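Here is the structure we will look at.
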Amino acid sequence: MRRWSALFLSMAVAAGAVAAAPSAPTALVIHGGAGVITRDQLSPADETALRADLDRALDAGDAVLKRGGTALDAVTAAVQVLEDSPWFNAGKGAVFTADGTHELDAAIMEGHTRRAGAVAGVRTVRHPVLLARAVMAHSPHVFLAAEGAEAFADTRPELERVANRWFDTERRRQQLEAAKEREQRQAAGERVPLPPGAYFGTVGAVALDASGHIAVATSTGGMTNKRWGRIGDAPVIGAGTYANDQCGISATGWGEFYLRTVAAHDICARVALRGDPIEAAAEDVINRVIPALGGDGGAIGLDARGTIVMPFNTSGMYRGWVKPDGSRGTAVFREP
Ligand code: ASP
């Protein structure tokens, strides 16, 4: 008799447990850079093409999440697609340095473990995000730069290597020429406005997986016409890339200002330590703290419930999302 009641009890508990099990939400948000992006300089055909690439990145990341994969794998998959797209300033299509080459920066971070990997000034690795992940997984370090990062890449045969010229695109070369011309005219005392879309751009992804874990990855070519080994915020943990177990942020914009405000960490610290809703935290940093110093840009992020934020203070930000309720979209300008 006792055995039967024990059996019924365990069946009831099991049934209750199944009924009560929350359906674990997953969420994904990506960006392809913020900046001066206006309708008059982006043709409908170009907009369609770059939004298709945003969609492909969402497909890649969301497929990982939907099959129960980790947030870390999801952001890696999404950022790889964006690095291969010539539309965005990361991997293929990265901006040119002042000496006509490409120096790429990337970072990846997992919130609940605070594991992180980052690289700067990379020249021959097709997917800098994979190198950042290898630094995290296979080295005792977090951040490797330039020749050292290349030497570490030599020890990882799984990483695809390319000639630096492989990252070239005609559009970016024209932007370098325009930037140099502007520099000369400015030096001669003229005030020349920034050419639209010419200087910045970055790609990034933040994901929440079914286990409730958050990860973030960011990858960039940095700033057109950069010199002296300039490194922006994207690969600096806390500045352009950060995750804890309650929040993940990937930033895009004028990196110097994100470095000075430790922007991604500032947003997540407000969420974790002060209990701010992520919407308020991200809004304040992106639309008040950074502009108050003279900087501009945007950020994407999410919290442990899958609340997605995508604030920016520029005219546009390439972005895409898959919310926990399954709704999904891409956008470029302020209005959808
Ligand atoms: N934040 C990047 C950098 O300063 C560029 C960008 O996101 O547009 O390198």
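Just so it is clear, the values below take in all heavy atoms, side chains as well, and ignore hydrogens, waters and symmetry mates. Keep in mind that what you see is a predicted model, and the values were worked out from it rather than measured. Order of appearance sets the numbers: ligands from 1, and atoms from 1 within every ligand.
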Test item, R230 contacting ligand 1 (heavy atom, 4.0 angstrom): yes
Taking only non-hydrogen atoms of D233 and a 4.0 Å limit, the atoms of ligand 1 in range are 1 (N), 2 (C), 3 (C), 4 (O)
Under 4.0 Å, counting heavy atoms only: does G253 come that close to any atom of ligand 1? yes
Determine the interplanar angle of the F96 and H102 rings, folded into 0 to 90°, and report it as parallel if under 30°, tilted if 30 to 60°, perpendicular if over 60°. tilted
Y318 and its ring-ring contact (aromatic ring centres under 6.0 Å, His included) partner, picked from F312, F333, F88: F88
Would you kindly check if the NZ (Lys) or CZ (Arg) of R123 is within the cone defined by 45 degrees around the ring axis of F167 and under 6.0 Å from the six-membered ring centre? no
Ion pair D325/K323, N-O distance below 4.0 Å: no
Take every heavy atom of G33, measure it against each atom of ligand 1, and state whether any distance is under 4.0 Å. no
Contact check, side chains of Y258 and I290, non-hydrogen atoms, under 4.5 Å: yes
Is the shortest N/O to N/O distance between A34 and ligand 1 below 3.5 Å? no
I want to know if ligand 1 touches G201 in the polar sense, i.e. an N/O pair below 3.5 angstrom. yes
For G222, the ligand 1 atoms whose distance to one of its heavy atoms is below 4.0 Å: 9 (O)
Please indicate whether R328 has more than 12 foreign heavy atoms, meaning atoms of other residues, nucleotides or ligands, lying under 6.0 Å from its CZ. yes
Show me which atoms of ligand 1 lie under 4.0 Å from any heavy atom of T252. 6 (C), 7 (O), 8 (O)
